[in-house]
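Below: the structure, in structure tokens.
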Amino acid sequence: MLAMTDTPTLDQPYDPALVEPRWYAFWEKHGVFAATDAPGDTRPVYVVPMPPPNVTGSLHMGHAQRCTLEDALVRWHRMRGFNTLWQPGTDHAGIATQLVVERALAREGKSRHDIGREAFVSRVWQWRLETGDRILLQQRILGASPDWSRSKFTMDPDLSRAVTEAFVRLYEQGLMYRATRLINWCPECMTSLSDLEVENEEGANGELFEFAYEVEGGGEVVVATTRPETMLGDTAVAVHPDDPRYQAIHGKRVKHPFVDRTFPIVTDAILVDPKFGTGAVKVTPAHDFNDFATGKRHGLEEINILALDGTLNGNAGPFAGMDRKEARRAVKKALAEKGLARGAKPHTLTLPRCQRSGGVVEPMISTQWFLKMQTMADKALDAVHSGKTAIVPEEWVKTYDHFLENIQDWCVSRQLWWGHQIPAWHGPDGQIVVAREKPKELGPEWKQDADVLDTWFSSALWPFSTQGWPDETAALKKFYPASDLETGYDILFFWVARMMMFGLHFMGEVPFRRVLLSGLIVDETGDKMSKVKGNVIDPLDLVRGTSFAEMAKKTLPGAPEAEAMAKFKKAYPSAAAMGSGFPAFGADAVRFTLATYPPTNKRIALAPRRIEGNRHFLNKIWNATRLALDLLGDYAWKESGAPKGFYNRWIRSRFAATCEAAHAGLDAFRVDEAALASYRFFWNDLCDWYLELVKPILRKGTDGTFAHPDLVPETRETLAYVLEGSMRLMHPLMPFLTEELWQRVPRPPSRKATVAFGPYPTPESEHDARNAEVDAQMATLQAIISAARTVRSEHDIDKKAEVPLHVRCDEPALVAFLRGHHDAIRQLVKTTGEPVFEARGGEREAGATVSIVPGPSGPIEVLVGLKGLVTRSDELSRIDRELKKIDRDLGALEKKLGSPGFVDRAPPEVVEEARTQRATLVDGKARLAESRKLAEEL
RNA sequence: AGGCGCGUAGCUCAGUGGUAGAGCACUACCUUGACACGGUAGGGGUCGGAGGUUCGAAACCUCUCGCGCCUACCA
């Protein structure tokens with residue numbers, strides 16, 4: 001079926017570099033990741049999107065983490081028989097890339113206007129292809145293969161159609177409008193921004209500068225400002241109506257010192273806090289949001305003093321042409337020269353910065369397209385409150401509410417070229433026509449609006465635009481609404497809330513039933529990843545391995561190497577201690593590790609050591625499979641009934657419990673619980689105990705025969721069963737390794753091609769294997785073996801030396817059970833001859849140690865004969881340690897049983913259990929005390 | 001200023017009322033026929049602090065300290 005070269009052999013250690021590319025290529029070739037869309041299939045559908053890629057540093061790991069969970073969920077859903085659709089989302093990488101391209105152009109002394117729209121967009125794509133965009137990384141980690149070739153060098157035509165349709169409909173419904181308002185403007189990107197795209201930098205050092213305006217008719221009024229240069233746009237001074245200091249000047253006018261105009265002193269109780277500064281506020285309606293609102297209340301003039309690139313314009317009089325910083329110094333100096341400066345105080349303030357360029361954002365009066373949000377927001381709120389869509393974890397509901405309850409109209413136009421151009425045409429006399437395409441009757445003098453739409457506008461259409469909307473396609477009918485959406489909490493507002501609003505508006509139904517919000521990855525010290533901090537880790541470096549020097553160079557390009565390394569080591573102390581770089585952990589190890597963090601964890605401090613540990617787990621699986629295949633020999637898959645042998649029944653019971661735990665975890669979006677359950681089962685149950693126990697059964701002795709020929713067939717069946725089942729169980733968490741191994745293990749002939757097509761093991765299919773009694777018996781057996789091993793270890797007994805063993809307990813059934821497992825005990829403890837099982841109370845061999853194991857109904861004594869091997873001090877300290885533990889447990893129990901009210905008020909079964917435990921401990925303690933006496937005589 | 005969250009072993013993290021857990025790190029022994037990316041055994045925590053509810057609190061309540069994120073404001 002498969003023809004692959006370079007097949008790795010199990011004799012070599014697991015090497016992800018050999019295994020992962022093989023299966024990545026295979027899945028891609030066979031379209032395992034493509035959407036399944038069988039006609040006529042009406043089963044529920046899960047849609048899990050690929051997240052928007054992002055080339056800026058801080059979000060890399062967050063996206064990688066989301067990929068991992070998404071992939072796990074997608075695969076799991078498919079394995080359960082659901083159809084799963086998977087498509088790349090709206091392309092956000094370009095929006096960040098275009099800034100890079102603009103800067104590159106600037107270095108050539110050009111602007112985008114010099115090369116034209118088409119060439120510009122094409123260069124953005126070029127840059128992305130050449131530099132290896134995030135989207136490529138996601139394909140690698142996810143194994144996804146979206147067909148994005150058709151969108152090369154242009155915007156996706158289908159998406160453009162949906163975007164245009166949505167815009168036109170919103171316009172026709174009166175929700176989309178054009179208005180001249182104060183908006184956030186990034187002078188570096190030369191575009192407007194939405195509120196969400198502005199980041200606030202706290203703690204910036206500034207000063208509160210005070211200066212005086214001369215009042216007409218005599219006197220002055222002193223105002224305070226952090227931005228003296230904006231006084232060039234002042235059109236009022238506001239004071240609080242009740243402030244006694246300023247009663248006399250209400251209604252008077254002040255004179256502008258630099259420009260030839262006067263403006264009024266107004267009273268305003270909303271804007272002015274009499275306790276702050278001087279109690280008098282300069283009002284600049286064109287460059288401050290509060291002042292803008294104040295201006296509207298008082299009918300003030302709006303004087304724009306800034307050009308689009310942030311320099312001062314003609315309205316700034318003598319200061320025109322200066323940039324913002326220069327103007328500030330000049331204005332202060334000029335005020336001082338006129339004798340109007342009144343001093344300055346230090347003041348910390350928050351600077352609004354552009355999310356993409358980092359430039360300081362300016363409030364600017366500008367004509368833009370806005371979308372009315374109120375009605376849509378109310379519907380989206382209602383959809384969550386009524387339970388039509390559930391947000392997981394629930395704590396995010398409050399955040400969602402807060403955003404939608406306080407939502408402002410959305411400024412959707414951007415003065416950029418990367419994006420969907422607005423379908424509006426401007427006539428020569430300022431007329432505007434909005435249409436799906438340019439109406440024929442409009443002449444060439446009608447130009448299309450040069451602006452594009454915010455990328456999140458098209459993203460908000462994602463749940464239905466990807467299904468062929470506005471056409472009523474079969475896919476749309478089938479895949480809308482989707483079941484689950486998984487994404488990082490950082491785009492709850494940007495994306496999730498807007499998909500909810502648009503979904504309800506255009507489709508009349510919620511876009512998805514559940515939304516899982518997962519955490520974001522931060523560095524080892526808990527800081528968000530950012531290029532400035534030099535703490536960005538590219539997940540691909542973890543997958544492929546790299547030197548820290550290389551990583552530092554990438555994360556802080558152009559910085560001196562020593563500085564970059566120092567920053568990196570500070571952010572990742574434990575990683576730095578690992579040596580000079582990361583080994584290639586492989587995609588499976590990275591994925592599995594990320595899956596072990598619960599989604600309730602908002603911050604995930606990336607610990608490469610943890611990845612390393614899981615990398616070892618993968619190797620363990622590899623080697624265990626090698627052993628299992630060796631033990632299975634030429635075994636061919638056989639449909640088997642329920643096993644009769646004890647170990648076989650036990651491992652099937654454990655496997656069933658694991659499937660149950662894994663399902664419970666996945667159902668509740670707790671992938672970490674599924675991962676942990678699988679880990680424990682495979683390592684602690686299967687490897688540590690089951691494989692050790694079946695070795696003597698499945699291996700021929702020196703005489704060439706099996707010790708228990710009757711057990712061989714069902715033991716092989718069981719081993720093969722849990723091995724193959726484990727691969728299917730763990731496949732979503734580590735697709736590459738499990739695929740490689742699954743191809744080699746015995747499996748039902750009906751299963752073809754790839755483990756991804758196999759059914760996912762379910763609690764139902766394993767239910768009959770659950771057996772609490774077997775679990776309990778095995779626990780006792782394990783405790784006895786461990787106790788004997790502890791004695792060996794504590795006394796430094798040679799690995800090969802055999803010791804006599806007696807196990808004593810008062811329960812005949814238990815004695816019989818243990819006797820039935822003398823082989824295993826003998827082998828795992830390494831006993832001299834057969835271990836002896838008997839009732840308690842008999843004489844004790846000289847030189848024997850006693851350990852107490854709590855049994856189901858009383859203490860079990862484990863006696864290890866150490867004649868001549870034991871030293872007095874070793875044995876005393878071992879017994880003392882055991883006594884200490886018993887005393888500690890006993891103390892807790894006595895306290896509990898002795899405290900007033902416990903016996904009366906606690907549930908009877910809790911009291912009963914405590915009493916039983918106490919009896920067992922008291923009994924055991926007496927026996928230990930006795931052996932301590934004997935040990936003293938050694 | 002408000003909202004949300006976090007604080008548990010040296011590190012990264014589980015644990016929503018019944019005797020504190022995992023991985024890594026650490027100690028000792030073991031290169032045993034799957035695996036040293038391993039095995040067996042061991043050490044290590046007054047669960048940030050104080051008070052309260054309860055027979056019983058890491059968990060629930062109140063206050064408090066430290067940290068993070070988000071939103072708003074900042075003349």
Side-chain angles (χ1 to χ4, degrees), chain A residues 10-11 13-14 195 200 206 208-210 223-227 230 237-238 271-273 276-284 288-291 347-350 395-396 398-399 402-403 406 489-490 492-493 520 522 524 526-528 573-574 577 583 593 596-598 600-610 612-631 672-673 676 679-680 687-688 691-692 695 699 786 789-794 796-800 881 888-893 895-896 899-907 910-911 913-914 917:
Chain A
L10 291 180
D11 291 334
Y14 170 61
D195 296 344
N200 292 312
L208 201 53
F209 181 81
E210 294 184 1
V223 295
T225 179
T226 53
R227 303 194 52 197
T230 62
V237 168
L271 179 71
V272 183
D273 171 6
F276 189 93
T278 62
V281 185
K282 60 189 273 308
V283 184
T284 324
D288 182 285
F289 286 95
N290 282 321
D291 292 3
H347 180 71
T348 52
L349 63 153
T350 309
E395 68 210 39
W396 288 107
K398 271 195 182 180
T399 312
H402 185 258
F403 172 67
N406 296 289
Y489 70 80
D490 56 329
L492 174 62
F493 302 149
L520 295 182
V522 296
E524 275 190 47
D527 282 347
K528 217 171 172 177
S574 91
T593 304
T596 62
Y597 289 91
T600 46
N601 203 339
K602 278 168 86 169
R603 292 190 308 159
I604 295 170
L606 185 76
R609 288 277 189 195
R610 212 163 141 160
E612 193 182 34
N614 288 320
R615 167 75 181 72
H616 294 173
F617 177 45
L618 300 181
N619 193 51
K620 186 75 178 178
I621 298 171
W622 183 264
N623 285 309
T625 304
R626 177 182 167 194
L627 170 65
L629 289 177
D630 180 46
L631 293 175
D672 60 311
E673 288 178 354
L676 188 66
Y679 184 99
R680 290 198 168 144
C687 291
D688 290 351
L691 286 177
E692 294 305 327
K695 264 184 202 173
R699 262 193 193 132
S786 292
R789 282 169 163 179
T790 302
V791 171
R792 291 187 61 113
S793 174
E794 290 294 305
D796 289 338
I797 304 301
D798 186 83
K799 183 78 191 156
K800 286 166 188 145
R881 203 171 55 229
R888 201 171 52 217
D889 293 350
L890 202 53
L893 278 171
K895 192 181 156 199
K896 186 193 266 189
S899 69
F902 176 71
V903 176
D904 308 332
R905 302 211 192 178
V910 173
V911 177
E913 198 192 331
Q917 282 177 350

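Just so we're on the same page: letters track the sequence lines, and every chain starts at 1.
Nucleic acid contact class of R792(A) (heavy atoms, under 4.0 Å, all strands): none. Within 4.0 Å of L618(A), counting heavy atoms only, lies no atom of the nucleic acid at all. Here Q917(A) lies in heavy-atom contact (under 4.0 Å) with a base. Among the atoms of the strands shown, only primed sugar atoms or phosphate atoms (P, OP1, OP2) are found under 4.0 Å from some heavy atom of R789(A). Residue contacts shown for K695(A) include a base, since a base heavy atom lies under 4.0 Å away.
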Set out, line by line, the N/O atom pairs under 3.5 Å between protein and nucleotides 25-27 of chain B.
none

Show me the protein contacts with nucleotides 59-61 of chain B, counting only N or O atoms at under 3.5 Å.
none

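Comparing the C1' positions of A22(B) and G17(B) gives an interatomic distance of 23 Å, to the nearest angstrom. Rounded to a whole angstrom, the distance from the P atom of C11(B) to that of A25(B) is 15 Å.
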Given Watson-Crick and G-U pairs under 3.5 Å, RNA chain B in dot-bracket ([ ] crossing, | other strand) is ((((((((.[[[[.)..(..]]]].(((((.......))))).....[[[[[..)....]]]]])))))))....
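Applying the 4.0 Å criterion to OP1 and OP2 of G42(B), one finds that T790(A) has a side-chain N or O inside that range.
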Quiz: residues 621-630 of chain A side-chain donor-acceptor pairs under 3.5 angstrom, not counting sequence neighbours:
unit_1  : atom_1 : unit_2  : atom_2 : d
W622(A) : NE1    : Q12(A)  : O      : 2.8
N623(A) : ND2    : N619(A) : O      : 3.1
T625(A) : OG1    : I621(A) : O      : 2.7
R626(A) : NE     : D11(A)  : OD1    : 3.4
R626(A) : NH2    : D11(A)  : OD1    : 3.4

How does protein contact run along nucleotides 4-14 of chain B, one letter per nucleotide 5' to 3', with B for base contact, S for sugar-phosphate only, - for none, heavy atoms under 4.0 Å?
BS------BSS
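Taking for each of F617(A) and D195(A) the nucleotide of RNA chain B with the nearest heavy atom, the 5'-most of the two is the partner of F617(A).
Partners of K398(A) under the salt bridge (charged side-chain N to carboxylate O under 4.0 Å, His left out) rule, at least two apart in sequence or in another chain, do not exist in this structure.
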